[in-house]
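Basis for what follows: all heavy atoms, side chains included, without hydrogens, waters or symmetry-related copies.
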Amino acid sequence: QVQLVESGGGLVQAGDSLTLSCAASGRTSGNFAMGWFRQAAGKEREFVAVISWSGTPQYYADSVKGRFTISRDLAKNAVLLQMSSLKPEDTAVYYCSAGWSLGATEGEYIYWGQGTQVTVSS
């Protein structure tokens with residue numbers, strides 16, 4: 001089992017930056033890919049970004065490309081999502097996930113965190 005705990009969410013204004021963190025514990029010896037998904041109110045959960053166990057490659061949703069950066073801190077068993085130039089449409093609950101492939105669909109991930117709320121005001 002792998003436990004994932006997200007942190008760093010909050011209320012920001014459009015144009016601001018925010019960094020989310022996901023701490024992994026448990027059986028973290030596996031070479032998991034780590035992903036971020038988000039779910040806005042009334043919408044389905046959608047892919048945001050994924051990073052391989054080694055740190056490269058990384059893939060991003062078109063909607064966040066150039067604004068968000070995913071990275072890993074192997075020493076801390078953590079994955080970060082640095083978000084800049086935030087827009088109101090980025091408002092969502094952000095979820096961290098772990099899986100075996102660099103996928104963009106929920107079914108490819110095995111472990112999930114509980115999520116952290118990000119709200120971007122206009």
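- In this structure, Lys65 places its NZ atom where more than 12 heavy-atom neighbours from other residues, nucleotides or ligands lie under 6.0 Å away.
- Here the closest heavy-atom approach between residue Met83 and residue Tyr94 is recorded as SD-CE2, 3.9 Å.
- Put simply, the side chain of Glu108 never gets that close to the backbone of Leu102: no donor and acceptor are under 3.5 Å apart.
- Contacts classified as disulfide (SG to SG under 2.5 Å) and involving residues 69-121 (residues at least two apart or in different chains) are given here: Cys22-Cys96.
- A donor-acceptor pair under 3.5 Å is formed between the side chain of Thr91 and the backbone N or O of Val120.
- Between Tyr95 and Trp36, the ring centre distance reaches or exceeds 6.0 Å.
- Arg72 places a side-chain N or O within donor-acceptor distance of the main-chain N or O of Ser52, the cut-off being under 3.5 Å.
- With sequence neighbours excluded, no residue satisfies side chain to side chain donor-acceptor pair (under 3.5 Å) with Thr19.
- Here the CG atom belonging to Leu4 is positioned 9.0 Å from the CZ atom belonging to Phe32, to the nearest 0.5 angstrom.
- Between the side chain of Thr116 and the backbone N or O of Ser7, no donor-acceptor pair lies under 3.5 Å.
- Atoms CE and OG, from Met34 and Ser97 in turn, are 7.0 Å apart once rounded to the nearest 0.5 Å.
- Within the 3.5 Å criterion, the main-chain N or O of Arg67 finds a donor-acceptor partner in the side chain of Ser84.
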